[in-house]
Each structure stands twice: as C-alpha cells, then as structure tokens.
K.L.:
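Structure below; questions to follow.
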Amino acid sequence: MTTLEKQFAQTVAEHKSTIYTVCYMFSQDADEVNDLFQEVLVNLWKGFDNFEHRSDIKTWIYRVALNTCISIDRKQRRRSAEVRLTMDINLFEDRDEDTRQVDMLHKRIARLQPFDRAIVLLWLENLPYEEIGQIVGITAKNVSVRLYRIREQLKQMSNN
C-alpha cells in the first residue's frame, strides 16, 4: 500500500460517519446508502491527490459527498419511471414513538430540494453557518435565511 493510499484510508476512517450521514440524507434504503457511499469514496479518491488543503479536509469531504449525492439524486429523478422492488417489511424496525418521529422527519426532509437537504444536513451536524456557507457556496447570512425558509416549509408539510 502506497503512502497516498494509507493517507486516504486513514482519512476515510476518520470521516466515515460524515460521509455516511450525507448518503443517508439522500437515500431511502440501506442498499442505496451503500451505493452512494461507494460513489462518494470513488470521487474522494479521484480528487484526493489534488486536494490543496485550502480548506479543512472535513469541509472538502462534505462538499464532495454532497455534490456526488445531489448529482445522483438528480439523475434518479430523471429516471423516476423506473420502479424499485422492495420488501414492505423490515424485521428489525423499531416501532416506538421516537423512531416514528425520526422517520417522519427523514421523510419530510427527503421531500426538500437537494440543495435545501444539504443545508439541513449540515445544520443537523451542528456546523456553524459560516462553515455551512463555505461547503455549499453561499454566505452565512444566506444560510440563515434559507434555514428559516426550510423550517417554514417543513412546518407546512406537517399540516398536509
């Protein structure tokens, strides 16, 4: 294993949960999360040697993961006529109130536009507005405004 491969493996190990969280926000099932995760890893590997450390590595990972997931999400929406076969039963699913609340929130967030989903994800990760802005390419003030609008949109979904 080369030094670059070792550095990449270490970086992925350190930031695996970040990558997984982004993938989870853009998916509806475990297989799709795993597929997204693999795509993100491929894109990270492609750019890893050229990463210039002008930003924090975590910021770069978020940006690559979000761009990958948003891109794949757009492609899938174009092919929406395709029907996925799934089992309607999950033997490991919890049915307590907290799980239902989280599931309901996840479904509402999934209905948001990809860019808004990305902002919500980063906000849920407790990142400061300035860092969210760096990752998605907008100002911190714009992050604040968009989060307010997203919250209002999520509230409206609860009334429907």
K.L.:
Looking only at the side chains, is there a donor atom on one of Tyr62 and Glu125 sitting less than 3.5 Å from an acceptor on the other?
P.N.:
yes
K.L.:
Would a 4.5 Å heavy-atom cut-off, applied to side chains only, mark Phe8 and Leu44 as touching?
P.N.:
yes
K.L.:
Any side-chain to backbone donor/acceptor pair from Ser71 onto Asn67? Under 3.5 Å, distance only.
P.N.:
no
K.L.:
Any side-chain heavy-atom pair from Ile138 and Phe115 closer than 4.5 angstrom?
P.N.:
yes
K.L.:
Do we see a donor-acceptor contact under 3.5 Å between the side chains of Gln156 and Glu152?
P.N.:
no
K.L.:
Could you check whether atom CZ of Arg149 has more than 12 heavy atoms from other residues, nucleotides or ligands sitting under 6.0 Å from it?
P.N.:
no
K.L.:
Report yes if some heavy atom in the side chain of Thr59 is under 4.5 Å from a heavy atom in the side chain of Arg63; otherwise report no.
P.N.:
no
K.L.:
Give, for atom CD1 of Ile72 and atom CD of Glu39, the distance between the pair rounded to the nearest 0.5 Å.
P.N.:
4.5 Å
K.L.:
Hydrophobic clustering (ILVMFWY, side-chain heavy atoms < 4.5 Å, transitive) - are Leu124 and Ile70 grouped together?
P.N.:
yes
K.L.:
Is it the case that one hydrophobic cluster holds both Ile119 and Val145, taking links as side-chain heavy atoms less than 4.5 Å apart, direct or via other members?
P.N.:
no
K.L.:
Could you tell me which non-hydrogen atom of Ser27 sits nearest to which non-hydrogen atom of His106, and how far apart they are?
P.N.:
O-CE1, 3.2 Å
K.L.:
Test your reading of the model: is there a side-chain donor-acceptor pair from Glu5 to the backbone of Thr2, 3.5 Å cut-off?
P.N.:
yes
K.L.:
Would you check if Leu127 and Ile135 make a side-chain contact, meaning some heavy-atom pair closer than 4.5 Å?
P.N.:
yes
K.L.:
Flag yes if Met104 and Met25 sit in one hydrophobic cluster, no otherwise; membership is Ile, Leu, Val, Met, Phe, Trp, Tyr, and two members link when side-chain heavy atoms are under 4.5 Å apart.
P.N.:
no
K.L.:
Determine whether Leu4 and Gln7 satisfy the following criterion, side chain to side chain contact (heavy atoms under 4.5 Å, CB included), listing intermediate values before the conclusion.
P.N.:
CA-CA 5 Å; Leu4 184 64; Gln7 288 174 334; 4.0 Å; yes
K.L.:
Yes or no on side chain to side chain contact (heavy atoms under 4.5 Å, CB included) for Leu36 and Phe26, after CA distance, side-chain angles and deciding distance?
P.N.:
CA-CA 8 Å; Leu36 288 172; Phe26 283 86; 4.1 Å; yes
K.L.:
Looking only at heavy atoms, what is the nearest atom pair of Val22 and Cys69, with distance?
P.N.:
CG1-SG, 3.9 Å
K.L.:
Which pair of non-hydrogen atoms, one from Val120 and one from Leu112, has the smallest distance, and what is that distance?
P.N.:
CG2-CD1, 4.0 Å
K.L.:
So do the side chains of Val64 and Trp60 get within less than 4.5 Å of each other, counting heavy atoms only?
P.N.:
yes
K.L.:
Contact between Lys46 and Asn43 at the side-chain level, heavy atoms closer than 4.5 Å - yes or no?
P.N.:
yes
K.L.:
Apply side chain to side chain contact (heavy atoms under 4.5 Å, CB included) to residues Lys58 and Ile61 and explain how you reach the verdict.
P.N.:
CA-CA 5 Å; Lys58 188 172 184 176; Ile61 289 171; 5.6 Å; no
K.L.:
Do Leu147 and Tyr129 come close enough that some side-chain heavy atom pair is under 4.5 Å?
P.N.:
yes
K.L.:
Would you give the length of the straight line joining atom CD of Gln113 to atom CD1 of Ile150, rounded to the nearest 0.5 angstrom?
P.N.:
10.5 Å
K.L.:
For the residue pair Phe37 and Lys16, establish whether any side-chain heavy-atom pair is separated by less than 4.5 Å.
P.N.:
yes
K.L.:
Restricting to non-hydrogen atoms, name the atom on Leu66 and the atom on Ala118 that form the minimum distance, rounded to 0.1 Å.
P.N.:
CD2-CB, 3.5 Å
K.L.:
Which label fits Trp45 and Phe48: parallel for a plane angle under 30°, tilted from 30 to 60°, or perpendicular past 60°?
P.N.:
parallel
K.L.:
Looking at every heavy atom in both Ile109 and Arg117, which two are closest together, and how far apart are they?
P.N.:
O-CG, 3.0 Å
